[in-house]
Amino acid sequence: MKDETTQIEQRVKRYWYSDGIGEMIGGVMFFLLAVYFSLQQYLGDESFMGEMLQAGFVLLLIGGIFLARRLINFLKTRVTYPRTGYIEYRTNNRNLNLMRALTFVVAMIVAAVSLLVARKFDSLDAMVAVTGLLVAFIFAVKQGLTSGVGRFYFISALSLALGGILSVSGFARGYNLGLFYGLMGLVFVISGGLTLKSYLRENPLPTEAGNE
Amino acid sequence: MSDDLRGLNDLDRLIHEPARLLIVTILSTAASADFLFLQREAGLTRGNLSAHLSKLEEAGYVKIEKTFKGKLPLTVCKLTAKGQKAYVAYRQQMQSFMDKTG
């Protein structure tokens, strides 16, 4: 009984990722981050524009997340809900807080270990390695385990490998991060695009209204 | 009839029916779901799903609302507090029965 309920819960959670729209928009967000970090490296910390970019990072991030959510909602209303139906997810505050606390603790541990390793080896760019680890952790634990979507484990492994490779590449930090976000953005857009293509093929628009 | 099996008599038959159990389980996971989603997930015809939802609505287990998401008309179903309570009680009864019978 418990297993069947867990299966149904996972199926319901998986539904959010069935169309690939979230991944594609996430990929676009990663592209924007790639442009941001590369531009910051190009302009340098000393220039006025560089300082402005640094100061506006949080605003850009919050604005980006807000726009991304609206865009996902807009596309799902036009593409997904008429084909396979609408669902609103329950937010369990207790579990959500527990997950946030766990994510924070793991992120701190990962950051501390990475900095220690970085101090040991001077050439290692800790920032990109930490980013790779965090993205991998989010996709493997938060997305993969809770929803059971297999492709997230692949993305997680790719992020870990890319972060590791770029950390010893010797590029300037900003370009390193730009390259990481750019390549991962490409992975998300391709993965989301392929998922959307297969979703649209499997779920043509119903000829008559599906809702009673 | 043994005491273990007699416990089955107390099960909520409204929820025990397989199609309705599936509907209620989905609605207990999601905050709400529309008719099309439930139809696809439960693998039921429109008529069948309508009949089951009507029974659940009559019992006060499910609330059905007609609404719009943008310009898209939706028939959204939610599990009520009474429905959630009945579902939890049903699961506990089933679990206890399965524990007893091994």
Side-chain angles (χ1 to χ4, degrees), chain A residues 1-19 21-22 69-96 99 145-149 198-212, chain B residues 11 15-16 18 21-54 57 63-79 84 87-88 90-99 101:
Chain A
M1 177 90 190
K2 202 172 183 181
D3 285 348
E4 282 169 29
T5 312
T6 310
Q7 273 178 15
I8 292 170
E9 281 174 2
Q10 278 205 337
R11 226 166 60 204
V12 170
K13 280 176 189 160
R14 256 201 313 269
Y15 180 63
W16 178 258
Y17 306 105
S18 65
D19 53 15
I21 287 174
R69 279 189 173 176
R70 291 201 68 132
L71 196 57
I72 290 172
N73 202 21
F74 174 83
L75 289 172
K76 276 190 178 284
T77 305
R78 270 147 195 83
V79 177
T80 316
Y81 302 150
R83 285 179 167 80
T84 48
Y86 166 76
I87 185 164
E88 195 182 312
Y89 289 89
R90 198 182 288 275
T91 45
N92 186 337
N93 287 334
R94 226 176 104 197
N95 280 354
L96 201 70
M99 190 56 99
L145 280 179
T146 53
S147 64
V149 178
S198 131
Y199 171 84
L200 291 174
R201 198 178 49 233
E202 285 166 20
N203 302 291
L205 206 59
T207 43
E208 54 180 323
N211 276 292
E212 289 287 276
Chain B
L11 281 178
I15 291 182
H16 190 56
L21 179 59
L22 191 54
I23 293 168
V24 171
T25 306
I26 292 169
L27 291 178
S28 77
T29 304
S32 64
D34 81 333
F35 194 89
L36 181 60
F37 181 83
L38 287 174
Q39 192 191 334
R40 291 177 58 91
E41 281 297 310
L44 298 168
T45 61
R46 292 170 70 172
N48 238 331
L49 178 61
S50 273
H52 287 305
L53 281 174
S54 295
E57 192 183 23
K63 193 177 165 195
I64 303 170
E65 278 174 356
K66 298 220 183 250
T67 180
F68 280 88
K69 182 90 183 155
K71 286 178 183 172
L72 185 74
L74 296 172
T75 304
V76 176
C77 311
K78 280 180 192 171
L79 206 59
Q84 187 72 41
Y87 175 64
V88 171
Y90 171 83
R91 280 189 63 179
Q92 281 169 351
Q93 279 177 308
M94 277 302 280
Q95 196 59 55
S96 132
F97 171 72
M98 280 157 76
D99 289 344
T101 53

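The shown structure was predicted, so the numbers you read here are calculated from the model rather than taken from an experiment. Numbered from 1 within each chain, the chains take letters A, B, ... in sequence-line order.
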Distance (rounded to the nearest 0.5 Å) between [X] [atom1] and [Y] [atom2]:
X: B:Leu74; Y: A:Ile87; atom1: CG; atom2: CD1; result: 12.0 Å
X: A:Lys76; Y: B:Lys69; atom1: NZ; atom2: NZ; result: 11.0 Å
X: A:Tyr15; Y: B:Thr29; atom1: OH; atom2: OG1; result: 15.0 Å
X: A:Arg78; Y: B:Leu72; atom1: CZ; atom2: CG; result: 9.0 Å
X: B:Asp34; Y: A:Thr84; atom1: CG; atom2: OG1; result: 9.0 Å

If you take all heavy atoms of [X] and [Y], which pair is closest and at what distance?
X: B:Arg40; Y: A:Asn203; answer: NH2-OD1, 2.7 Å
X: B:Ala30; Y: A:Val12; answer: CB-CG1, 4.3 Å
X: A:Tyr86; Y: B:Ser32; answer: CE2-OG, 4.3 Å

**OP:** Can you tell which part of A:Arg11 gets under 4.5 Å to a heavy atom of chain B, answering side chain, backbone, both or neither?
**Re:** side chain

Original post:
Just wondering, more than 12 heavy atoms not from A:Arg14 lying within 6.0 Å of its CZ?
Top reply: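 Atom CZ in A:Arg14 is packed in, count exceeds 12.
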
Original post:
Side chain, backbone, both or neither: which part of B:Leu53 has a heavy atom under 4.5 Å from chain A?
Top reply: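 Nothing of B:Leu53, per the 4.5 Å heavy-atom cut-off to chain A.
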
Original post:
Does A:Thr77 reach the side chain of B:Lys71, with side-chain heavy atoms less than 4.5 Å apart?
Top reply: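 Sidechains of B:Lys71 and A:Thr77: no contact.
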
